[in-house]
Amino acid sequence: MRSRFVFGWMLSASIVAIFIVLQATENVLLTGVLMQLVFYIVLPAWLLGHHFKKRNVKLRQVVFFHGTARWLLPVFGLTVLVVAFSMSIYWLLMRALIPIAPTAIDVALTPQPLPDAVWYLIATGFVIAVIAPIAEEFVFRGLVLNRLIATFGFWNGLGLTSLIFGIFHINFFGAFLFAVVASLLYVKTGNLLVPILLHIANNTVAVYQSFVNPSFPQWLRVMNINDLYTKSIPNLIVLIISLALLLFIILRLARDPENKIEELRVFWK
């Protein structure tokens, strides 16, 4: 316990020292990347390391390749549905907020210029597309979901976990529904790798849309206030179809959850 305490203080001191050096060099981009790495690697690793050690859980018990291959195609299909739902629900939210805050909507839809530094775009894209999904799945599905299910029961725990996950994201409803699907995938398989792959695929699409700014699907993307009106019909159609399919899949994944929950009780001690 004493060695862990000393190591924790040394790590904290090292992080603070690095930040001081970076602030002295006034390299804003490098500081930003470092802050992302600390947030998505150092803090989750420390928290989960303590959680796993306390319950004598090995990493191979929650992340493994066996049986993952058969989920690759479903993960691809779920990614398409989740992205379609997120884009269409984003349109609906923006459309609903126009009468209330038109200026804020205009600002939200205005593209923000990206830095010219290629290394920064690559590093940030990698953090968002790969590192962040791994960290968030370990924290929200590997830790929070298990603890809340143990405390409040299956559906209450799943709902609370998804609610917390949604609060931390701009597109609340899209993130909430994503969290429900990811949680059920974890409960269904007992393998964090499956929701991690879904999360990586989803974030990779988001990074591509933000950094590359593709024209596809032009008929669905909302870039300005005028698009909120002219693209209402395709967005509404996509919203209804994607939501219906996701709800159907959620019901299928949620069949007989009690049998799967028994396998996760190792985390509840």
Side-chain angles (χ1 to χ4, degrees), residues 1-12 14-15 36-75 78-79 126-162 164-165 168 178-204 253-269:
M1 179 66 69
R2 184 175 298 174
S3 61
R4 288 179 58 193
F5 179 79
V6 173
F7 175 77
W9 274 106
M10 290 179 61
L11 179 62
S12 301
S14 300
I15 293 173
Q36 293 178 32
L37 293 176
V38 170
F39 184 78
Y40 285 117
I41 295 180
V42 178
L43 296 180
W46 177 80
L47 177 65
L48 292 164
H50 172 72
H51 176 71
F52 278 33
K53 186 173 183 180
K54 182 178 179 180
R55 289 161 178 79
N56 195 28
V57 177
K58 306 298 183 183
L59 183 63
R60 62 177 178 271
Q61 293 178 255
V62 293
V63 178
F64 46 86
F65 291 101
H66 178 70
T68 304
R70 71 185 186 92
W71 285 96
L72 293 180
L73 188 58
V75 163
L78 283 170
T79 301
F126 183 75
V127 170
I128 297 174
V130 179
I131 296 179
I134 295 174
E136 290 183 2
E137 289 308 312
F138 268 97
V139 171
F140 284 99
R141 256 58 72 181
L143 176 58
V144 177
L145 177 65
N146 280 291
R147 300 308 300 164
L148 291 181
I149 288 179
T151 305
F152 300 106
F154 177 72
W155 285 112
N156 290 334
L158 187 147
L160 285 172
T161 303
S162 303
I164 296 171
F165 184 84
F168 282 95
F178 171 89
V180 172
V181 174
S183 297
L184 288 172
L185 283 176
Y186 170 57
V187 173
K188 184 79 172 180
T189 63
N191 183 5
L192 275 176
L193 183 57
V194 178
I196 284 174
L197 292 176
L198 175 66
H199 207 148
I200 288 176
N202 181 79
N203 281 25
T204 299
L253 290 174
R255 286 182 176 179
D256 302 321
E258 294 298 331
N259 295 332
K260 296 296 181 180
I261 289 175
E262 290 297 327
E263 302 174 8
L264 306 179
R265 293 188 184 275
V266 64
F267 294 98
W268 302 356
K269 298 176 182 177

Once rounded to the nearest 0.5 Å, what's the spacing between atom [atom1] of [X] and atom [atom2] of [Y]?
X: Arg147; Y: Ile149; atom1: CZ; atom2: CD1; result: 11.0 Å
X: Ile41; Y: Ile131; atom1: CD1; atom2: CD1; result: 4.0 Å
X: Asn191; Y: Trp71; atom1: CG; atom2: CH2; result: 10.5 Å

Grab the two heavy atoms, one from Phe140 and one from Thr161, that are nearest each other, plus how far apart they are.
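Reported closest heavy-atom pair: O-CG2, 3.5 Å.
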Over all atoms of both residues, closest heavy-atom pair of Pro133 and Val130
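Minimum heavy-atom separation between Pro133 and Val130: CD-O, 3.2 Å.
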Could you tell me whether the side chain of Asn146 and the main chain of Arg141 form a donor-acceptor pair under 3.5 Å?
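Answer holds: yes.
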side-chain contact (heavy atoms from CB on, under 4.5 Å) involving [X] - partner list, sequence neighbours excluded:
X: Leu160; result: Leu148, Phe152
X: Leu59; result: Phe52, Val62, Val63, Phe138
X: Val180; result: Leu158, Ser162, Phe176, Leu184, Ile250

Test of understanding: with ring pair (Phe, Tyr, Trp, His ring centres under 6.0 Å), list the residues that count as partners of Tyr40, not counting sequence neighbours.
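By the ring pair (Phe, Tyr, Trp, His ring centres under 6.0 Å) rule, Tyr40 matches no residue at all.
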Check the surroundings of atom CZ in Phe64: do more than 12 heavy atoms from other residues, nucleotides or ligands lie under 6.0 Å from it?
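Atom CZ in Phe64 is crowded, with more than 12 foreign heavy atoms closer than 6.0 Å.
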With the side chain counted from C-beta on, respond yes when Leu145 and Val187 share a heavy-atom pair under 4.5 Å apart, and no when they do not.
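They are in side-chain contact.
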With the side chain counted from C-beta on, respond yes when Phe126 and Gln36 share a heavy-atom pair under 4.5 Å apart, and no when they do not.
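A side-chain contact is absent here, since even the closest heavy-atom pair is not under 4.5 Å.
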Output all residues satisfying side-chain hydrogen bond (donor to acceptor under 3.5 Å, both in side chains) with Asn203, sequence neighbours left out; order by chain, then residue number.
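Residues passing side-chain hydrogen bond (donor to acceptor under 3.5 Å, both in side chains) with Asn203: none at all.
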Extract all donor-acceptor atom pairs below 3.5 Å that involve side chains of residues 193-202 and protein atoms in other chains or at least two apart in sequence.
| from | atom 1 | to | atom 2 | distance (Å) |
| --- | --- | --- | --- | --- |
| His199 | ND1 | Glu137 | OE2 | 2.6 |
| His199 | NE2 | Glu136 | OE1 | 3.2 |

